[in-house]
Every structure is written in C-alpha cells, then in structure tokens.
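Working notes for the structure below.
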Amino acid sequence: MNTISISFVLPTKAKPSKIWPYYTDLNFRKLWETDLEDFRITGELKTGSKGIFKLQNMPEMDVTLSKIINEQEFTEQFDMPDIGLLYFSHQIIELSHNQYALKSEISLKPDSKLDTHASYNFIKQISDDIIDKTYKLNSLVEG
C-alpha cells in the first residue's frame with residue numbers, strides 16, 4: 001500500500017529562528033506537545049540520528065530523525081511493528097518573502113499485512129490532535 005498522510009498548515013508571524021527551538025529543545029517542545037514525557041537523541045541533531053521518544057501512557061519508542069534541515073524541517077520516523085513506518089514532520093514553510101507557516105504532517109507507510117481500514121483507523125486516531133498542537137505552538141512562538 002502507498003503512503004497515506006494528513007497535514008495541517010497554519011500561517012504564523014514568527015520567524016524560523018524563533019520557531020526552531022520549539023522542535024529541537026525538549027523543554028520548549030513540552031510546552032506545545034503536552035503529552036511528551038521524554039525525547040532524547042544520541043549524538044548530533046542530524047538526519048539519521050537515533051534516540052528515544054516517550055509519550056504519556058505509552059511505552060518508550062525508538063525514533064530516527066529521518067530528515068533534519070535547520071530552521072526548515074524536523075521529521076521523526078518510528079518503525080511500528082505490524083503497522084508500518086510512521087513519520088511526524090514539523091516544518092517551517094515560506095509562503096512568500098518573509099511570510100511563514102507551520103506545517104505539521106503525519107504519514108504512514110503501512111505494513112503490507114495491514115489492510116486499508118486498519119491503516120485509516122490508525123492514522124485517524126493519532127492525527128486527532130495535530131491541529132490543536134499546531135495552534136498551541138503558534139501561540140507560543142507569536143507570543
């Protein structure tokens with residue numbers, strides 16, 4: 001099955017340099033991703049680095065930084081057994097000269113054994129708060 005995804009784009013008055021630490025620094029990230037308990041990367045903050053990611057009421061998960069572009073994109077990859085590869089992408093996109101937006105995207109490359117209905121249910125369940133978290137982040141960076 002092909003990758004399925006959902007994304008949300010919200011214009012912001014904040015500049016990339018103001019937004020970026022809210023993706024990369026655990027203390028800032030917990031302010032908008034309020035269910036995050038732990039997020040540690042081993043080594044440098046760069047594409048391919050690995051670490052641990054822990055949400056409330058969930059077990060620790062291994063995470064790989066699948067794409068890091070300074071002040072543009074911070075994408076995490078999770079290998080979910082029997083589900084597939086899950087990506088959370090946090091992006092700062094340029095709408096026009098000096099005008100930016102926050103883009104949040106969740107993508108799933110389903111395991112070949114996962115049927116379409118199960119894929120739909122899984123991505124719907126985890127994407128329910130994408131809009132709330134993006135608005136929360138925007139209020140912090142514009143504040």
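Please read these numbers as outputs of a predicted model, since none were measured by experiment.
Under the rule for a side-chain hydrogen bond (donor to acceptor under 3.5 Å, both in side chains), the partners of Asn70 that lie at least two apart in sequence or sit in another chain are Trp20. Not counting sequence neighbours, Asp25 has no partner by the salt bridge (charged side-chain N to carboxylate O under 4.0 Å, His left out) test. Judged as a side chain to side chain contact (heavy atoms under 4.5 Å, CB included), and not counting sequence neighbours, the contacts of Leu26 are Lys30, Leu36, Asp38, Phe39. Checked against ring-ring contact (aromatic ring centres under 6.0 Å, His included), Phe8 has the following partners two or more places apart in sequence or in another chain: Tyr135.
When hydrophobic side chains of Ile, Leu, Val, Met, Phe, Trp and Tyr are connected at separations under 4.5 Å, Val9 ends up clustered with Ile93, Leu95. In this structure, Leu85 belongs to a hydrophobic cluster whose other members, linked by side-chain heavy atoms under 4.5 Å apart, are Tyr87.
Judged purely by distance below 3.5 Å, without hydrogens or angles, the side chains of Thr47 and Lys67 never pair a donor atom with an acceptor atom. With no hydrogens or angles considered, no side-chain donor-acceptor pair links Ser66 and Thr75 at under 3.5 Å.
Scanning all heavy atoms of the two residues, the minimum distance from Ile123 to Ile106 falls at CD1-O, 3.8 Å.
Ion pairing of Glu37 with Lys54 is present here, as a side-chain N (NZ or NE/NH1/NH2) and a carboxylate O approach within less than 4.0 Å.
Crowding of Glu44 atom CD: a count of heavy atoms from other residues, nucleotides or ligands under 6.0 Å not exceeding 12.
Between Phe28 and Tyr22, the two ring planes are tilted [angle within 30° to 60°].
The structure places NZ of Lys15 at 12.0 Å from CD of Glu71, a figure rounded to the nearest 0.5 Å.
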